[in-house]
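Some notes on the structure that comes next.
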Amino acid sequence: MQAQTIIVMLKENEIFDLIRRERERQVKGIELIASENFVSEQVLQAMGSVLTNKYAEGYPGKRYYGGCEVVDLVEDVARERLKKLYNAEWVNVQPHSGAQANMAVFMACLQAGDKFLGLNLSHGGHLSHGSPVNFSGLMFHALEYNVREDTGRVDYDQLEQVARAERPKLIIAGASAYSREWDYARIRRVADEIGAIFMVDMAHPAGLIAAGLLENPLKHAHIVTSTTHKTLRGPRGGVILLGKDFPNPWGKTTPKGEVKMMSALLDSAVFPGTQGGPLEHVIAAKAVAFGEALTAGFKDYQHQVQRNAAVMAQAFMDKGYKIISGGTDNHSMLVDLRTKYPDLTGKVAEKALVAADITTNKNMVPFDSRSAFQTSGLRFGTPAITTRGLKEDKMPWIVELIDEVLQNPESETNINKVRAEVNREMLQHELFAW
Ligand code: DSN
């Protein structure tokens, strides 16, 4: 059997060569994309296991296929560890991604055309929170709130105003490019006032929340969704959680007139509502990552992520860059390039940095004068470089290198010089150094 596996591996050169190339790219560069991270060997092993061979539509104990005894246990372990991590009452670990988790919540809580309220995408929100090109904006009536231009923080007054005027059925907190803590209690108050469901998408700060460094949204939200691969440092995937204060049963009735518990509605919305067979190999890897997240070492890691981000944001500001909201509470920051380099677009900046093996992404800043394809901003995050073992003493060095590139983004000589320095340092670090 083993010999057969080796023969198959030897035949497949093209893809394994590409995987080797990608590994090399990851090892030699500085990874600053705020939503990326490097997983442990055991998370990788679980993902690359024979569990990928198994069909398991349904849930543990209630499957549509035979032979699910083992994957039932795997999924149970994942669920129990996730509940423990966030003090949740109920969880679903099957969503293939954060967007799928969000889709299941829409399906469980809303009818097509219903109103909901989320953070404007160009102010840091997420595609699946109401973008007109996403299912959320196409099938439902999306309303939005912004951040304030003066503070760069969520405009809670505006959120309340829109909520009271429009009475959406669902209010979403959470973002892709927002570096501040949320006032979940305030949003819950207005949700209660208008009878809306309050959902938090904690995908970005999930790891910091698990470590107790940011507030646990389960204390305030009816429903919480997340990805598992950002600060949480697990495999690519999604999850849904319900907290202890959730009023069950929720008052939605089935066509047969039964009142269903929200947990049952969400389970059905994931499968069979929006997904087929779960990815049990990924669920196993999620379980491994949740186990890692329950350790003291994970807390230390998250402390370091947060410290690195604070030092990096300060280093940018010391060099004359504008950080939206003037700093960060979490792992990320949004740089408005216009203050220092008014003519430099995020698009050009991203390309020059990537050429120097510093990976980041262009991002719109709130009230941006440029389009989403050009942008005036760059988003940076510290989860991945922290997993590589970089501490706060390296953050000013990284900012210095970024500035060297951005001062002269067309100069190949300059970019080559920076790239050599990046490679020299990063080749000394493991991908997963914790
Ligand atoms: N919006 C992506 C990000 O934050 O990079 C995740 O969906």
Side-chain angles (χ1 to χ4, degrees), residues 26 29-39 95-106 118-138 142 144 147 154 172-182 199-209 214 217 224-240 274-275 282 286 289 305 309 312 323-325 328-335 346-347 349-350 353-354 358-366 368 371-373 375 377-387:
Q26 292 183 12
I30 295 179
E31 180 53 72
L32 294 174
I33 292 179
S35 49
E36 292 191 12
N37 213 329
F38 302 109
V39 298
H96 301 331
S97 69
Q100 294 272 173
N102 291 345
M103 187 182 239
V105 173
F106 276 74
L119 178 62
N120 182 347
L121 179 62
S122 59
H123 283 229
H126 187 253
L127 265 181
S128 63
H129 300 178
S131 157
V133 293
N134 180 262
F135 81 88
S136 53
L138 287 166
E144 61 191 27
V147 299
V154 166
I172 302 177
S176 271
Y178 186 65
S179 60
R180 293 302 184 176
E181 175 63 299
W182 288 76
M199 177 195 121
V200 174
D201 180 341
M202 65 170 179
H204 265 268
L208 296 155
I209 291 166
L214 293 174
V224 173
T225 60
S226 185
T227 54
T228 46
H229 49 271
K230 298 187 174 88
T231 48
L232 195 49
R233 212 171 57 183
R236 210 153 272 285
V239 290
I240 309 175
T274 51
Q275 292 188 174
V282 176
K286 286 175 181 171
V305 167
M312 181 179 280
I323 298 282
I324 301 299
S325 87
T328 178
D329 297 327
N330 58 28
H331 62 294
S332 69
M333 66 210 72
L334 191 52
V335 172
K347 185 179 177 185
E350 175 193 298
L353 288 168
V354 167
I358 300 173
T359 318
T360 176
N361 63 283
K362 63 178 179 294
N363 214 102
M364 283 185 89
V365 292
D368 207 324
S371 74
F373 296 105
T375 84
L378 287 173
R379 184 184 66 161
F380 296 101
T382 54
I385 44 163
T386 307
T387 298

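Numbering of ligands and ligand atoms starts at 1, following listing order. Quick caveat: nothing in here was measured; it's all calculated off a predicted structure.
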Is any side-chain heavy atom of S176 closer than 4.5 Å to one of R379?
yes
So V154 and R180, do their side chains get closer than 4.5 Å, heavy atoms only?
no
Contacts of type side chain to side chain donor-acceptor pair (under 3.5 Å), residue H129, not counting sequence neighbours:
D201
Near ligand 1 (heavy atom, under 4.0 angstrom), the protein residues are S35, H126, S176, H204, K230, R379
Does any part of the side chain of T375, heavy atoms only, come nearer than 4.5 Å to the side chain of N363, both counted from C-beta?
no
Side-chain contact test, heavy atoms from C-beta onward, threshold under 4.5 Å: evaluate it for E36 versus P383 and give yes or no.
no
Which label fits F106 and F135: parallel for a plane angle under 30°, tilted from 30 to 60°, or perpendicular past 60°?
perpendicular
